[in-house]
Each structure stands twice: as C-alpha cells, then as structure tokens.
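Here's the structure we're looking at; comments come further down.
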Amino acid sequence: MDNLTKAEQRLIEAIQGGLPLVSRPYAVIGEQLGLTEAEVIAGLSHLIQVGVIKRFGIVVRHRQLGYRANAMVVWNIPDAQVTEMGQQLGQFEGISLCYRRARHLPEWPYNLYCMIHGKDRNAVLRDLDKLIATYNLSHIPHQVLFSRRCFKQSGACYTFQPSKVCPQRAAVGG
C-alpha cells in the first residue's frame with residue numbers, strides 16, 4: 001500500500017465501507033472526493049488493472065439467507081503439499097475462504113484452513129465429504145469447527161489516515 005498515490009488511497013478509503021446504494025454510486029463518490037464520475041471509474045479500473053483491487057464483492061449476511069451452519073475445517077497437510085492443496089481446495093465450489101497458517105506445535109498441528117457454509121450442519125458435512133472424496137483427503141488429519149455465534153461479519157477495511165475510523169458493518173446473530 002506504500003506504493004499508492006494519495007489520490008488512490010483516498011479512493012480506496014471512499015469505497016472500503018461499501019458503495020452508496022444509489023443509481024450512480026461512482027458519481028456520489030466523485031462528489032465526495034472532488035472528482036468526476038469518469039475519474040472515479042478510471043481510478044478504480046487502474047487499481048484493478050495493477051492488482052491492488054482484485055474484485056468488487058458484496059458482504060452477504062448469510063444467516064439472514066438461511067445459511068446458519070458455518071464450519072472452519074482445519075487440515076494437517078504435509079508442508080511439501082500445502083501450497084498445491086490450498087490451491088486445489090480454493091477451487092472447490094463450497095469453500096469461501098482458504099488460508100495457510102503457521103502450525104503451533106505440539107498442540108495445534110493444522111496448517112491449512114478453509115470455510116464451508118451451509119443451511120444446516122448436514123449440508124456442510126456433505127460438502128466436506130465431497131471435498132474429501134474429490135481430493136482424496138481421507139488420510140489427512142482434520143478437524144471441523146462449527147461456528148456457534150456470529151459477533152461480527154464485514155468486508156476488509158483499510159484506512160490510510162489514523163484519524164479516520166473505518167465504517168463498521170457488523171452483523172450480530174446467533
């Protein structure tokens with residue numbers, strides 16, 4: 001982020017809390033920043049082209065859509081295979097997140113984490129069974145950690161000015 005211009009930082013700050021829910025959100029952002037709608041679109045297009053922004057997405061409050069079973073599955077993948085396995089698991093349709101993390105031996109041997117959402121536990125476990133069969137993971141030690149309560153759900157927030165507070169988009173539910 002140190003390579004960004006001040007204008008690019010301001011643009012990211014303006015969109016990180018979400019786009020205005022109006023017919024022309026880039027015009028509204030432009031008004032906030034003293035830019036035209038076309039300049040906002042061009043700036044965002046540039047940030048996408050250079051890879052600073054990977055994609056635009058939405059934060060769906062999945063519990064309100066009936067997806068109440070959420071499981072973090074942690075895997076103890078041999079280190080020589082973890083990058084390849086992470087890339088493969090990341091391609092699986094039912095996985096929303098997949099990360100490699102450090103092991104904390106001897107208590108915590110797991111080094112690959114993925115998140116599976118479903119309408120109920122059985123749906124999540126069926127997806128997990130499909131994942132295990134698809135990638136021949138039955139011999140890999142793993143744990144399934146179902147969420148019990150959501151205290152917060154939001155997109156990532158990056159701010160460049162210490163005095164600015166990142167907008168909170170918390171969703172609290174059971």
Side-chain angles (χ1 to χ4, degrees), residues 1 12-23 25-26 44-45 47-159 165-174:
M1 293 295 161
I12 290 174
E13 285 176 354
I15 66 166
Q16 68 186 351
L19 297 178
L21 298 177
V22 297
S23 62
Y26 303 114
L44 291 173
S45 296
L47 291 171
I48 291 170
Q49 286 176 335
V50 298
V52 172
I53 295 175
K54 183 177 175 184
R55 64 182 176 89
F56 277 87
I58 58 172
V59 175
V60 176
R61 294 183 175 155
H62 53 268
R63 283 177 175 73
Q64 294 174 350
L65 293 175
Y67 288 84
R68 298 192 173 277
N70 307 291
M72 177 68 73
V73 183
V74 295
W75 306 87
N76 181 359
I77 306 283
D79 288 336
Q81 301 170 8
V82 70
T83 297
E84 179 183 350
M85 288 308 308
Q87 291 170 343
Q88 288 180 344
L89 296 186
Q91 298 299 313
F92 191 76
E93 186 175 318
I95 291 181
S96 61
L97 301 168
C98 188
Y99 290 96
R100 180 180 186 180
R101 296 183 186 241
R103 302 173 194 274
H104 293 278
L105 298 173
E107 295 85 10
W108 192 255
Y110 305 105
N111 60 346
L112 190 66
Y113 297 64
C114 64
M115 195 79 186
I116 302 174
H117 304 279
K119 292 194 174 187
D120 58 51
R121 285 179 176 239
N122 288 334
V124 169
L125 294 173
R126 281 192 304 271
D127 280 351
L128 178 59
D129 288 344
K130 185 177 174 184
L131 179 72
I132 289 170
T134 300
Y135 296 109
N136 192 26
L137 298 172
S138 60
H139 65 289
I140 301 290
H142 64 278
Q143 294 285 325
V144 182
L145 309 170
F146 277 99
S147 300
R148 296 184 66 190
R149 181 173 180 162
C150 177
F151 293 101
K152 180 180 182 182
Q153 179 186 359
S154 71
C157 184
Y158 309 95
T159 187
V165 176
C166 192
Q168 297 297 312
R169 293 161 294 184
V172 177

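On a predicted model such as this, the values are computed, not experimentally measured, just so you know.
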How far apart are the C-alpha atoms of F146 and L125, what are their side-chain angles, what is the distance that settles it, and do they pass the side chain to side chain contact (heavy atoms under 4.5 Å, CB included) test? CA-CA 10 Å; F146 277 99; L125 294 173; 4.1 Å; yes

Between V52 and I12, is a side chain to side chain contact (heavy atoms under 4.5 Å, CB included) present by the stated rule, with each step listed?
CA-CA 10 Å; V52 172; I12 290 174; 3.9 Å; yes

Minimum-distance pair of heavy atoms, taken over all atoms of [X] and [Y]:
X: S138; Y: I132; result: N-CG2, 3.5 Å
X: P20; Y: P25; result: O-CB, 3.4 Å
X: H142; Y: Y110; result: CA-CE2, 4.0 Å
X: S147; Y: R63; result: CB-NH2, 4.0 Å
X: N70; Y: H117; result: OD1-ND1, 2.5 Å
X: V144; Y: A71; result: CG1-CB, 3.7 Å

Atom [atom1] in [X], atom [atom2] in [Y]: separation rounded to 0.5 Å?
X: N136; Y: Q88; atom1: CG; atom2: CD; result: 10.5 Å
X: L137; Y: L112; atom1: CG; atom2: CG; result: 9.5 Å
X: E107; Y: L105; atom1: CD; atom2: CG; result: 8.5 Å
X: E93; Y: L131; atom1: CD; atom2: CG; result: 12.0 Å
X: C114; Y: L89; atom1: SG; atom2: CG; result: 5.5 Å
X: R55; Y: I48; atom1: CZ; atom2: CD1; result: 11.5 Å

inquiry  = Do W75 and M85 have side chains that approach each other closer than 4.5 Å (heavy atoms only, starting at C-beta)?
reply    = no

- [ ] Please examine the side chains of I95 and I116, heavy atoms only from C-beta on, and report whether any two atoms are closer than 4.5 Å.
- [x] yes

request  = Take R101 and V74 through the side chain to side chain contact (heavy atoms under 4.5 Å, CB included) test and state the conclusion after the steps.
outcome  = CA-CA 10 Å; R101 296 183 186 241; V74 295; over 6 Å; no

Assess whether atom [atom1] of [X] is packed by more than 12 heavy atoms of other residues, nucleotides or ligands within 6.0 Å.
X: Y135; atom1: OH; value: yes
X: L21; atom1: CG; value: no
X: F92; atom1: CZ; value: yes

Item to check | N111 side-chain N/O to I77 backbone N/O, donor-acceptor pair under 3.5 Å | outcome: yes

